[in-house]
There are 2 protein chains.
Amino acid sequence: MGTTQLESVPEPKYWHLKTVIGEALDSDFAVGEILPNERDLAARFGVARATLRQALEQLELEGRLQRRRGVGTTVAPPRVGVDVSTTEHAWPGSAQDSWQSVDCTQAVPPVAVARFLDTGADEETYVVRRLRVSHGQPVAAELLYVPAASVAELSAIDTPSGPARARAVLRELQRRELDGQDRAVELGSARADDAKELDRLPGAPVLMVTTRYFSAGRTAALSVATYRADTCRLTFGDSGDVEIRHHGEERRAS
Amino acid sequence: MGTTQLESVPEPKYWHLKTVIGEALDSDFAVGEILPNERDLAARFGVARATLRQALEQLELEGRLQRRRGVGTTVAPPRVGVDVSTTEHAWPGSAQDSWQSVDCTQAVPPVAVARFLDTGADEETYVVRRLRVSHGQPVAAELLYVPAASVAELSAIDTPSGPARARAVLRELQRRELDGQDRAVELGSARADDAKELDRLPGAPVLMVTTRYFSAGRTAALSVATYRADTCRLTFGDSGDVEIRHHGEERRAS
DNA sequence: CAGTGGTCTAGACCACAAG
DNA sequence: TTGTGGTCTAGACCACTGA
């Protein structure tokens, strides 16, 4: 026989599927439109449902699809740019920073957190819970760890619990001098409580932004914020308002 | 009957598995150690292999495991901090920025890229291919789009092809005044060629860092860099050298 | 070669949302 | 109640690595 072997390294079916569906999204579907259900799609492409789902998962990871149990799969809007620039040198909670305080408790932080704060291993800190909303949708959930030493003037007795207490802690923090901050971004999966706040399933991919706030030679606070990776694009600088269209050009309803 | 229903909302098996294995990693395994193979693990936990794999995928996403076909599953080292701070206001390729130029071609960029460059839709640009290595491992692959107008003095005739040409383009770029830059981070999946450079499978999760370089009121260059999401933690500021241990404390060999 | 992870199938049942 | 996506099973074969 001839040795004309065109595809010696066949690409996986789900990878090819992802490409085909991705192109179809660009040409045949409008944002918000509902796709056929997974069983139909699998039958249409002649693959098992699990294989079809592998392709959809990739597209969801890239922010092109949105899947909701009991509802269906829809075409996702472009990712929203969320400004996380560190240039402004401000404490959390300053000047309407688009976060809303939800709660405030006292607890001993995880060891990974305690390592950054100059506290003892079993020392309690304030834990402020905040939520960030953008365009009406929750995009991030944050845990802000504040050692008692950073808000020494705060009296636990006269501050009520809940959001008011959170605001009191932030207000006290803002009275200090902010020497600098420090930011890191990495991929993670949503903890159960974060997932609930973000209207996602536990384990959903998130971008974890860790920020250290320095004051008087110490780490005065540490923020761990989890952003929805499917809907968010983190921006550093002034590009937050620029429209980015990643996949193809125009779209039309079918 | 009594209404004592302890677990009305049972968590998924793979989620529970992930927790159990994650704790075992902290207590019973050392970095680099090889786990039992998937079939053994699945049997040991009494679940199907697919379910076990779902748990391992999550742990790999969080950077705690590394899986290699034909080899096995190993405990991953802590993520390496990679500095991507934008404060230094420098062109790409300046002052040993830990990137190495691989190649340089000319091609019409994707529409999503062309939109940022002030070029025509079908206009060719230089496309510089670079690779970033850290601790001996490739951590990022970059495509740098440079419109011909940004390196006007460059003559295509007297520049050789390959890495030398890439360096020539960068050198020419650095002669211009850099007005500012602009950075965004989002989740993506690795294209086939990027995956190959990063020693990953196509579709692997990556952190996509898009940088715009401004000069003379225009976008003089646009960089799209894909960082391995499993092994990298992007840092903005001076925290790149700080050890971050996210999961548990000490570890011991078993 | 044997052993590993990667892909794929054809089912089943469950949790959830909406009519 | 119906239909959706989410979970799970018990197999099979393939691609790759290293001895």
Side-chain angles (χ1 to χ4, degrees), chain A residues 5 7-19 21 32-61 65-76 189-190 192 195-196 199-205 230, chain B residues 5 7-19 21 32-61 65-76 189-190 192 195-196 199-205 230:
Chain A
Q5 200 170 359
E7 272 298 342
S8 59
V9 187
E11 60 184 356
K13 274 189 189 178
Y14 77 88
W15 185 258
H16 181 240
L17 259 185
K18 177 200 145 185
T19 307
I21 297 178
E33 197 172 346
I34 304 180
L35 269 65
N37 72 56
E38 296 181 350
R39 292 164 179 84
D40 282 355
L41 278 179
R44 186 173 313 187
F45 288 109
V47 299
R49 191 180 156 216
T51 305
L52 185 271
R53 276 179 62 80
Q54 218 173 336
L56 295 187
E57 262 148 39
Q58 286 251 347
L59 290 167
E60 192 179 30
L61 199 77
L65 288 181
Q66 191 163 351
R67 298 192 286 174
R68 274 172 304 175
R69 169 155 52 179
V71 178
T73 302
T74 56
V75 181
S189 52
K196 194 161 195 174
D199 194 29
R200 300 253 61 196
L201 291 174
D230 55 344
Chain B
Q5 200 168 359
E7 272 298 341
S8 60
V9 187
E11 60 184 358
K13 275 189 190 177
Y14 77 90
W15 185 257
H16 182 240
L17 260 185
K18 178 199 143 186
T19 306
I21 298 177
E33 197 173 347
I34 302 181
L35 269 63
N37 72 56
E38 296 182 348
R39 292 165 178 85
D40 282 356
L41 277 179
R44 184 173 313 187
F45 288 109
V47 300
R49 190 179 157 217
T51 305
L52 184 271
R53 278 181 60 81
Q54 217 173 335
L56 295 187
E57 263 149 38
Q58 287 251 347
L59 290 168
E60 192 179 30
L61 198 78
L65 289 181
Q66 191 164 349
R67 298 192 285 175
R68 274 173 301 174
R69 168 156 52 179
V71 179
T73 302
T74 57
V75 180
S189 51
K196 193 161 197 174
D199 193 30
R200 301 255 57 198
L201 291 173
D230 55 344

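In what follows, every chain begins at residue 1, and chains take the letters A, B, ... in the order their sequences are listed.
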Heavy atoms only: give me the nearest Y14(B)-A55(B) pair and the separation to one decimal.
-> O-CB, 3.6 Å
Taking atom CG of D40(B) and atom CG of L52(B), what is their separation to the nearest 0.5 Å?
-> 10.0 Å
Figure out the OH/C1' separation between Y14(A) and dC8(C), and round it to whole Å.
-> 12 Å
5′-ward residue of the pair A50(A)/G72(A) relative to DNA chain D = G72(A)
Rounded distance [0.5 Å steps], CD1 in I21(B) versus OG1 in T73(B) | 9.5 Å
N37(B) vs dT4(C): side-chain N/O to OP1/OP2 distance below 4.0 Å = yes
Atom-to-atom span, CG of D199(A) to C1' of dG5(D) - whole angstrom = 14 Å
Side-chain N,O (T51(A)) to OP1/OP2 (dT9(C)) below 4.0 Å = yes
Would you mind classifying the nucleic acid contact of R53(B) as base, sugar-phosphate or nothing, using non-hydrogen atoms under 4.0 angstrom?
-> base
What nucleotide, of dT7(D), dA15(C), dC8(C), holds the atom closest to the side chain of R69(A)?
-> dA15(C)
Report yes if a side-chain nitrogen or oxygen of T73(B) is closer than 4.0 Å to either non-bridging phosphate oxygen (OP1 or OP2) of dG5(C); otherwise report no.
-> yes
In whole angstrom, give the distance that lies between atom NE2 of H16(A) and atom C1' of dG6(C).
-> 19 Å
How close do Q58(B) and G203(A) get, heavy atom to heavy atom, and via which atoms?
-> NE2-O, 3.4 Å
If you pin A48(A) and G70(A) to their nearest nucleotides in DNA chain C, which one's is more 5'?
-> A48(A)
Look at the side chain of R49(A) and the base of dG6(D), then say whether one donor and one acceptor between them are separated by less than 3.5 Å.
-> yes
Separation of dG6(C) atom P from K13(A) atom NZ, nearest Å, is 19 Å
Does the side chain of R68(B) get closer than 4.0 angstrom to OP1 or OP2 of dC16(D) through an N or O atom?
-> no
What is the distance from CD of E38(B) to C1' of dT9(D), rounded to the nearest Å?
-> 16 Å
Compare the minimum distances between each of dT9(D), dC8(C), dT17(D) and the side chain of V71(B), then state the nucleotide with the smallest one.
-> dT17(D)
Among K18(A), R53(A), R200(A), salt bridge (charged side-chain N to carboxylate O under 4.0 Å, His left out) partner for E60(A) = R200(A)
Could you check which of dT7(C), dC16(D), dT4(D) has an atom nearest any side-chain atom of R39(A)?
-> dT4(D)
Whole-Å distance between dC8(C) P and Q58(A) CD?
-> 11 Å
Between CZ of R200(B) and C1' of dG5(C) the distance, given in whole Å, is 12 Å
Tell me: CD of Q54(B) to P of dT7(C), nearest whole Å?
-> 15 Å
